[in-house]
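Shown next, in structure tokens, is the structure this report addresses.
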Amino acid sequence: MAAVGKLSAAAAAAAVVVVMVVLAITTVSADPDLLQDVCVADLTSGVKMNGFACKPTFNASDFFFDGLAKPGLTNNTMGSKVTPANVEKIPGLNTLGVSFSRIDYAPGGLNPPHTHPRATEIVFVLNGELDVGFITTANVLVSKTIKAGEIFVFPRGLVHFQKNNGTVPAAVIAAFNSQLPGTQSIAMTLFASTPTVPDHVLTVAFQVGTKEIEKIKSRLAPK
């Protein structure tokens, strides 16, 4: 029990560090600054703007979310589950330029190559061990194996991934300097868009035949 207590204290301290780093990043490049104390998102508003319209009234529930307390289900094709805690889940984050996610990985699970167009990401490993990496615009892979209690940063907009090559589950808490970072999965973006990217574009880009492209598209098509 003492070991568990120490791990919890260490995890709490690391989480505070993660938040402080994200808030520091926010002052450099993130969502626009707020112009009032709060602007709790009205997710039902038809008003279109850069963010969400403000609700006329709010309460404590607009600033609360318990969705990261439990592991996400990883019984899917990729063996991973992302549970976001962004402005769509916590309306009080509107204009505050920060959000979280929890990512769980089954043994062998992959959070496939993707980008966040509006945010830098920093992950803190809760448990397990992961191989992580990002690719620079010079096409250089920057990768490392990280384990419980360690942190890794994925720069804004760069393609990155996490893979659990271990035999036990793994999990991270990810922090972003945006209320809604956005995610573009590379495979889904190219092979499962609506309407789909033309085959003749993908065959040239990947230097393969139409049959291979159609096979990939069929596998990634929404079930």
Rounded distance [0.5 Å steps], [atom1] in [X] versus [atom2] in [Y]:
X    : Y    : atom1 : atom2 : value
T120 : N177 : OG1   : CG    : 5.0 Å
I90  : E88  : CD1   : CD    : 11.5 Å
R102 : I173 : CZ    : CD1   : 6.0 Å
F161 : I186 : CZ    : CD1   : 12.0 Å
L158 : T137 : CG    : OG1   : 7.0 Å
N111 : K81  : CG    : NZ    : 11.5 Å

Tell me if a side-chain donor or acceptor on [X] pairs with a main-chain N or O of [Y] at a distance below 3.5 Å.
X    : Y    : value
K163 : G108 : yes
H114 : Q184 : no
S99  : S178 : yes
T74  : G79  : no
S80  : L110 : yes
D199 : T210 : no
T196 : A192 : no
D62  : N59  : yes
Q179 : T95  : yes
N94  : C39  : yes

If you look at every heavy atom in [X] and [Y], which pair is closest and at what distance?
X    : Y    : result
A171 : D104 : CB-OD1, 3.3 Å
S185 : P112 : OG-CG, 4.4 Å
G128 : A170 : CA-CB, 3.9 Å
L220 : A187 : CD1-O, 3.7 Å

Side-chain hydrophobic cluster, 4.5 Å single linkage: members besides F63: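 Same cluster as F63: V38, V40, F58.
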Side-chain touch F206/L190, heavy atoms, less than 4.5 angstrom: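 With C-beta onward as the side chain, the pair touches.
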Path from V153 to F124 over hydrophobic side-chain contacts below 4.5 Å: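 Result: yes, single cluster for both.
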Joint hydrophobic cluster, V98 plus F65, side-chain heavy atoms closer than 4.5 Å: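 V98 and F65: one cluster.
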More than 12 heavy atoms from other groups under 6.0 Å of NZ on K217: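 Atom NZ in K217 is crowded, with more than 12 foreign heavy atoms closer than 6.0 Å.
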